Amino acid sequence: MEHIITPKVEYVKLLNRYPEKKSTLGTLYLTATHLIYVEQTNSTRKETWVLHHHIMSVEKLPLTASGCPLLIRCKTFQLLHLLFQREKDCQDVYQSLLRLFQPEEELYAFLYNPHQNEEDRRQGWEYINVANDFSRMGLSNDFWEISHLNKNYEICSTYPSILGLPKNVSVATVTGSAKFRSRGRLPALSYFHKDTKAAICRCSQPLSGLTSRCVEDEQMLQAISEANPNCPFIYVVDTRPKLNAMANRAAGKGYENEDNYSNIRFQFQGIENIHVMRSSLQKLLEVCSMKSPSMSDYLTGLENSGWLRHIKSVMDAGMFLAKAVCEERASVLVHCSDGWDRTAQVCSLACILLDPYYRTIKGLMVLIEKEWISFGHKFSHRCGHLDPDSKEVSPVFTQFLECVWQLSEQFPCVFEFNERYLIEIHNQVYACQYGNFIGNCQKERLHEKTFSLWPHLLKNQHLYRNPLYRRSLECKVLRPSTLPLHFKFWCGMYNHYDRGMHPKQSVLDQLLSLTQKQVEGERTMTELQRVSGVVGLDFCQGGESESSTFLFKCRSDQI
Amino acid sequence: MEFAELIKTPRVDGVVLHRPFMPTVEGTLCLTGHHLILSSRQDNTEELWLLHANIDSIEKRFVGSLGTIIVKCKDLRVIQLDIPGMEECLNIASSIEALSTLDSVSLMYPFFYRPLFEVIEDGWQLFVPEEAFKDLESMTDEWRLSEVNKDFSVCPSYPSLLTVPKDIDDESLCKAASFRHGGRFPVLSYYHKKNGMVMMRAAQPLTGTNGRRCKEDEKLINATLCAGKRGYIIDTRTIAVAQQAKARGGGFEQEANYPQWRRIHKAIERSNVLQEGLIKLVEACNDQSHSMDRWLSKLEASNWQSNVKEILTTACLAAQCIDREGASVLVHGTEGTDSTLQVTSLAQIILDPACRTIRGFEALIEREWLQAGHPFQQRCAQSAYSNGKPRSEAPVFLLFLDCVWQILRQFPCSFQFNENFLIMLFEHAYASQFGTFLGNSVAERLKLLLSQKTVSLWSWVNRPQELERFLNPLYEPNNLVIWPSVAPQSLLLWEGVFLRWNRSTKCLDEAYQEMVHIIEYNKELQNKVNSLRRQLAQLETEDGPLQTP
């Protein structure tokens, strides 16, 4: 590739963050897709692979006596501090990387081929189907129906082609309401809760300004309200801080005026915007990469970053939705500004709180497909696929994954997947290896040339299982504590590559290997029982056999 | 009986008990000499039995004639009792106050407690110094057991038997003792079998401002060095604090007089500062109105996590000197009864796999805390809810347990015991039916006749029925030195103690049960597979080869 000025540099030092640990010497390779560092010690050949797409920034630090340092920061929170002997090498690698990690047109996904044939590739894309999830919720029914009005993305270009809408709502109402909403993002169904008949709907802010109103939009909300026989009102949740929403009014946007809509209860939630979140993450990462910080530096830094405060605000909003639906049996309409960041976070989190299905390995895929990909979360912009420096970049999706992780810490038995699943999804979102997260909305997404991530994750699902998961658990709705002291710093994510910080023995690995042994043990057992049956050996002695078969039954449904 | 006059109202009906995350209970409140009991007299409802000794402080409130007493316990639990009738409420409150602050140790519950179980293995006889010395003797002959302190006159806070270098006679020990704070001359704390290096502990030397020295002290500690080898003195105080100590007659070892030793100063807080930290931390944990920022800033201000980090760092340093540098170590602070013991006991957990078993950990607590003269009675007289100015209360032992928990969290398969074991020890150190943690030293315990008059905690804990819930199902013995990470990200708030009463534990308990279930089921399965295999093999030898398809 013409971008690679130098494909190989020898005697490169990889500096360790911890002064007490020695740095290593090795060889650096640049390929079309990866930066590879191979440690050269007598016995081991440890390799570090970094995908170019994972690189967030490359920085040349001032020359030191020991060489030319290059600092590589990754979107996966990996940090590589390299030291070159010759300045020329450093410059060449720097120049090459600048072009490699900011691709002008070619994303990795268009090059990547996991050795699958065309048929498998196409089937891979069909594995997760949002329409199926509507049927799972019980749509269409007496209250909601699946609409194809947006099949050519004409009503709303950033929405999915199929929408869940209140039954019998007229085309005029739909189009009128869309015109009154920012970027045409009209109120549409996110989740229908079968037990209470309450629904979660999402949209963008109304173009209400200071005085405008829109009859169709009012009818639309009325229709959503009428679609729930169990509650006479709906909540309208604006996830933004009130001040931000008010500022938008001056620009002809804003929020619903309670006087114009019948039976709505309006509520602000106070989640900050993408810029605040971006800078908060940056501060958090500064804390994470401090060299031997004191406890006080760390805690003060954690506080000043505001990160956990923001995580809590997302969780609080998610909880508000879940409570409204399951306790008050009220439907909720959620929006922020454009309805593709905070709205996506809050709706998907509420889905996880309400419905055990989304806590499974496949369920989380469906949820991400539904609330994030198809409803137009701008993955390309937010993840900086093409321009990592852009002001559009923001860790909105990362925050969602973290909220799920925080929940899994409070409820260790209710998720089918473990922490590694969340981290793998996070890495893949930024890797651009699969096509799922390329583009900003369904209309932009090209499935023809790329592969889908989901079959790949499914193939490796044994790595992502939570051995403690209990499907049968009576935990339909999660009611997490949102007291500040129940939120933890996610070391596994933000300090993922600082292995020294993690527990040296992993309970998860231990249990995963036990579950593996269990499967093998049970197989051997069946085989042995079969053989002993053949030879007529009465191996089962009285009560013991009963208890053992019982044991098998109650265990095997969980594997 | 003297308790009767302290109990103004022995019983009140219609009392309502509120506990976080539990249903309220209405019932009869009874006060006995040692317990506060609330019983609903209904089947299936739990009764509350609370030791008066566990009560840290109480608050009273009145709304009309309904009184409310908030009871704050040393195990950090807070409960609320609604008591009808102002007079009853006042009587109950003043009775509780009197009964929970009894001055005399011999009135404490352990002297009245009669076990409902048969003591099979007497915990009082379980960890005698002679036994520990036998182990040492099997590894080295450089040490002897000295009886110089047999009547506790050389050092009142030391036990009667002490392990000292073989070549140092009792007379020199007495002289060295007069040169150390409280007579705590350097004694053996740990022998590292792998390389023969040792860890000793002492109190600060009494150098004073004019730089006193003591040849016997120098000879004593030099006797532990191999020829040509250097050792490390770890002073748990900062150099500034150690300098200030000189003015009060204390001080630190001068390089000139101890040329074979390198001194390193660390910054473990003094005990009175730790107590303030505990109070602040628990206050922050209990205030549910905090915003995220306020919570984090209060957590930081309590300095609790900083203390954990500093103590662990110092213990790692001591362990590193011994295991990595191959050097012997002497640890001391000021009195040698607090931070010194934190460091020496944690270093042993890092270095010695035996300390990570239940018996080994009990032995460690006996050796390095109880017999080493940590003043439990004084330090654990009050906990986080004490209102008064702290006298000598300090959560030194709790911090040690917190550090052990941190290592346990990082090495979940290396300990025979689980978190519950540590929490249990915390509870019993502050209030107990057992005599183990009463008194401040071996001498005091002897005087109180604890081993005759009270039951040892170990007698109870080591019964198989009790032990079961303290066993770590993930335990796989290993002989490694375990180096914990002391990065702030690796050290978490010990939720099991500090958030114990502020959260519902249902989901966490379920997870633990599920883990136990998986492990047990696997064991059972493997056993079944093996036994079936054996049966088949047997059949095969009896009947000739089987026709296996």
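What you see is a predicted model, and the numbers here were worked out from it, not measured in a lab. We name chains A, B, ... by the order of the sequence lines, and we start the count at 1 in each one. The basis for the numbers below is simple: all heavy atoms, side chains too, and nothing from hydrogens, waters or symmetry mates.
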Exercise. What residues form a salt bridge (charged side-chain N to carboxylate O under 4.0 Å, His left out) with B:K298, not counting sequence neighbours?
Worked result: B:E283
Exercise. Is the distance between the ring centroids of A:Y494 and A:F77 less than 6.0 Å?
Worked result: yes
For this session: Show your reasoning for whether side chain to side chain donor-acceptor pair (under 3.5 Å) applies to B:N286 and B:Y385.
Result: CA-CA 11 Å; B:N286 285 346; B:Y385 301 118; 2.8 Å; yes
Exercise. Are the charged groups of A:E527 and A:R523 less than 4.0 angstrom apart, N to O?
Worked result: no
Problem set entry | Residue among A:H486, A:E303, A:K312 with most heavy-atom pairs under 4.5 Å to chain B | A:E303
Problem set entry | Residue, of B:S490, B:P484, B:A301, that accumulates the most heavy atom pairs under 4.5 Å with chain A | B:S490
Exercise. How about residues 404-411 of chain B versus chain A: which residues have heavy atoms under 4.5 Å apart?
Worked result: B:R409, B:Q410, B:F411
For this session: Evaluate the ring planes of B:W494 and B:F498, with Trp represented by its six-membered ring, and classify them as parallel (under 30°), tilted (30 to 60°) or perpendicular (over 60°).
Result: perpendicular
Seminar exercise, completed: Comparing B:L493, B:L499, B:I519, B:L491 against chain A, the one with the most heavy-atom pairs below 4.5 Å turns out to be B:L499
Exercise. Given A:W490 and A:E409, is the side chain to side chain donor-acceptor pair (under 3.5 Å) satisfied, shown in steps?
Worked result: CA-CA 10 Å; A:W490 191 6; A:E409 285 288 292; over 6 Å; no
Exercise. Which region of B:E495, side chain (C-beta onward) or backbone (N, CA, C, O), has a non-hydrogen atom less than 4.5 Å from a non-hydrogen atom of chain A, or is it both or neither?
Worked result: side chain
For this session: Pick whichever of B:L296, B:N522, B:L508, B:N502 has the most heavy-atom pairs under 4.5 Å with chain A.
Result: B:N522
Problem set entry | Under 4.5 Å from a heavy atom of chain A, the part of B:S289 involved | neither
Exercise. Hey, mind stepping through A:E402 and A:Q406 against side chain to side chain donor-acceptor pair (under 3.5 Å) and telling me if it holds?
Worked result: CA-CA 6 Å; A:E402 175 165 343; A:Q406 298 280 0; 2.9 Å; yes
For this session: Identify which part of B:Q513 has an atom lying under 4.5 Å from any heavy atom of chain A, answering side chain, backbone, both or neither.
Result: neither
For this session: Name the member of A:C288, A:S506, A:P293 that forms the most heavy-atom pairs with chain B at distances under 4.5 Å.
Result: A:P293
Exercise. Going by an N to O cut-off under 4.0 Å, is there a salt bridge joining B:E514 and A:R470?
Worked result: yes
Exercise. Of the backbone (N, CA, C, O) and the side chain (C-beta and beyond), which part of B:D293 lies under 4.5 Å from a heavy atom of chain A, both, or neither?
Worked result: both
